[in-house]
Amino acid sequence: MKYKNIREKELKNKVGADWFKNFDTTEIIGNIDFSVFPKQDNLFGKSPLLWAYPKTGNYDVTTMFVQLILTIGKARTFDKTLPPAFLGAFDFKKIAFVSYISIQDIFYLNDFNWNVTPSNHETKEFKLIKERVEATLKKSTHTYDYEKDTKELKFFIANNIAKATETAKIKIDKNNFIPIYLRWLEYVKPNIEVNWDDLKKANILDSDFYLADLFVEDKNTNDIGDDFTIRDNLFVIYQNQGQK
């Protein structure tokens, strides 16, 4: 087996060096054991590409993902930093990926106790999350054996993880509206060249520009030339590659 009989810290180091050498795997985000970042910053700073849960031995993929989800939910890591495009789980034999957006709604369950210990598999919370994610994971998890699926794993990382900052989307709803707005204030607002004091006198605020950015149809492309507003009754709208 690829990484048999090694400690968890060594497993993280080896997986980082062997499969993510073109990325930054040195940063620690809250209680998340393994994270992958691009080496270069983009408009939103250095946004994470992957948060993952490592485990020594030959471990059940679903169980690893449940522990990762409970860890993230307990610390509400997604309120403190933009979440990644992918979540991952790996042991000494295999590594698996699932898109963050496919399980995002779990973090906003009503009347859910996120204070349970993620490693306790007997809690009702662990069992509930496992039940919720099993169907999703069966349908959309990408699992690779390090030795048998070497070529496929490299292809997935190069064409999905590496390009996650370009293609990733986060569903914005009432639960994460404010955290993303705060991120927008930090990274997008400084790039808008207007006189904010003059606009404020006309009752036009930075939040109006945030709404203008939210209500844009981008046609699933990175070309802003084909973007247009889907709400024309706002104080600020997106039009002709700029705000009006």
Side-chain angles (χ1 to χ4, degrees), residues 1-39 47-73 77 83-104 106-107 118-122 126-169:
M1 296 298 177
K2 184 74 173 176
Y3 305 115
K4 194 172 183 179
N5 297 326
I6 62 175
R7 295 182 178 181
E8 187 175 295
K9 185 175 182 180
E10 186 178 357
L11 173 64
K12 290 189 290 184
N13 291 339
K14 288 185 178 296
V15 167
D18 290 348
W19 303 101
F20 299 98
K21 61 183 178 182
N22 295 323
F23 307 89
D24 179 4
T25 60
T26 62
E27 294 196 31
I28 303 297
I29 305 299
N31 295 322
I32 298 169
D33 290 322
F34 186 85
S35 61
V36 175
F37 286 81
K39 288 187 175 179
S47 299
L49 305 173
L50 173 72
W51 290 343
Y53 178 82
K55 192 73 177 177
T56 55
N58 188 3
Y59 221 69
D60 175 64
V61 168
T62 301
T63 299
M64 287 192 287
F65 274 115
V66 174
Q67 288 194 218
L68 176 61
I69 289 169
L70 285 170
T71 299
I72 294 169
T77 314
F86 292 94
L87 297 181
F90 59 90
D91 57 22
F92 79 87
K93 181 181 180 182
K94 60 188 176 295
I95 187 168
F97 307 94
V98 67
S99 66
Y100 179 87
I101 198 171
S102 68
I103 57 87
Q104 176 181 324
I106 293 173
F107 295 121
S119 59
N120 185 348
H121 301 177
E122 300 305 316
F126 188 98
K127 294 175 181 178
L128 175 61
I129 297 297
K130 186 173 183 179
E131 184 179 329
R132 286 288 298 267
V133 302
E134 272 182 323
T136 300
L137 296 179
K138 285 179 181 178
K139 183 171 62 176
S140 58
T141 307
H142 304 272
T143 303
Y144 303 96
D145 183 289
Y146 299 121
E147 295 179 335
K148 297 178 181 178
D149 307 316
T150 300
K151 188 179 296 184
E152 293 84 354
L153 175 54
K154 289 181 177 179
F155 182 87
F156 183 88
I157 292 171
N159 290 275
N160 293 277
I161 304 297
K163 298 178 180 179
T165 53
E166 302 172 11
T167 60
K169 292 188 175 182

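Everything numeric here is computed off the predicted structure, so don't read it as measured data. Both backbone and side-chain heavy atoms feed into the values below; hydrogens, waters and symmetry mates do not.
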Pair F65 and Y53, ring centroids less than 6.0 Å apart: no

Distance, nearest 0.5 Å, that separates CZ of F20 from CG of D18: 10.5 Å

Atom NZ of K12: over 12 foreign heavy atoms under 6.0 Å: yes

Gap separating the CD1 atom of I101 from the CZ atom of F86, nearest 0.5 angstrom: 11.0 Å

Beyond-backbone contact of L49 with P38, side-chain heavy atoms, under 4.5 angstrom: yes

Rounded distance [0.5 Å steps], CG in L50 versus CD1 in I161: 5.0 Å

Distance-minimising heavy-atom pair for P84 and Y100: O-CB, 3.1 Å

Test log, rule side-chain contact (heavy atoms from CB on, under 4.5 Å), inputs T150 and W19: CA-CA 10 Å; T150 300; W19 303 101; 3.9 Å; yes

F37 ring center within less than 6.0 Å of F23 ring center: no

N31 CG to W51 CH2 distance, which is reported to the nearest 0.5 Å: 11.5 Å

Side-chain heavy-atom pair I72, I32 within 4.5 angstrom cut-off: yes

Aromatic plane relationship, F156 with F97 - under 30° parallel, 30 to 60° tilted, over 60° perpendicular: parallel

Inter-residue atom distance E134.CD - I129.CD1, 0.5 Å rounding: 11.5 Å

Closest non-hydrogen atom pair, N159 against K163: OD1-NZ, 3.7 Å

N-O pairing of K127 and E131 below 4.0 Å: no

Atom CG of N120 with >12 non-hydrogen neighbours under 6.0 angstrom: yes

Test item: S35 side-chain N/O and E27 main-chain N/O as donor-acceptor pair under 3.5 Å: yes

4.5 Å side-chain heavy-atom contact, V98 and H142: no

Nearest heavy-atom neighbours spanning A162 and A158: CB-O, 3.5 Å

side-chain contact (heavy atoms from CB on, under 4.5 Å) between K2 and D145, worked out: CA-CA 9 Å; K2 184 74 173 176; D145 183 289; over 6 Å; no

Closest non-hydrogen atom pair between F90 and A52, with its separation: CE2-CB, 3.9 Å

Pairing of K94 and D91 as salt bridge, 4.0 angstrom limit: yes

Within-4.5 Å side-chain heavy-atom neighbours: K14 and F92: no

Trace of the side-chain contact (heavy atoms from CB on, under 4.5 Å) decision for T56 with R7: CA-CA 7 Å; T56 55; R7 295 182 178 181; 5.6 Å; no

Gap between atom OG1 of T25 and atom CG of N13 - 0.5 Å precision: 7.5 Å

Donor-acceptor under 3.5 Å (S102 side chain, S99 main chain): yes

Polar side-chain atom of D149 near backbone of E152 as donor-acceptor pair, under 3.5 Å: no

Trace of the side-chain contact (heavy atoms from CB on, under 4.5 Å) decision for D33 with E8: CA-CA 10 Å; D33 290 322; E8 187 175 295; 4.0 Å; yes

Non-hydrogen side-chain atoms of M64 and L68 separated by less than 4.5 Å: no

Closest approach of K55 to L11 (non-hydrogen atoms, all atoms of both residues): O-CD2, 3.6 Å

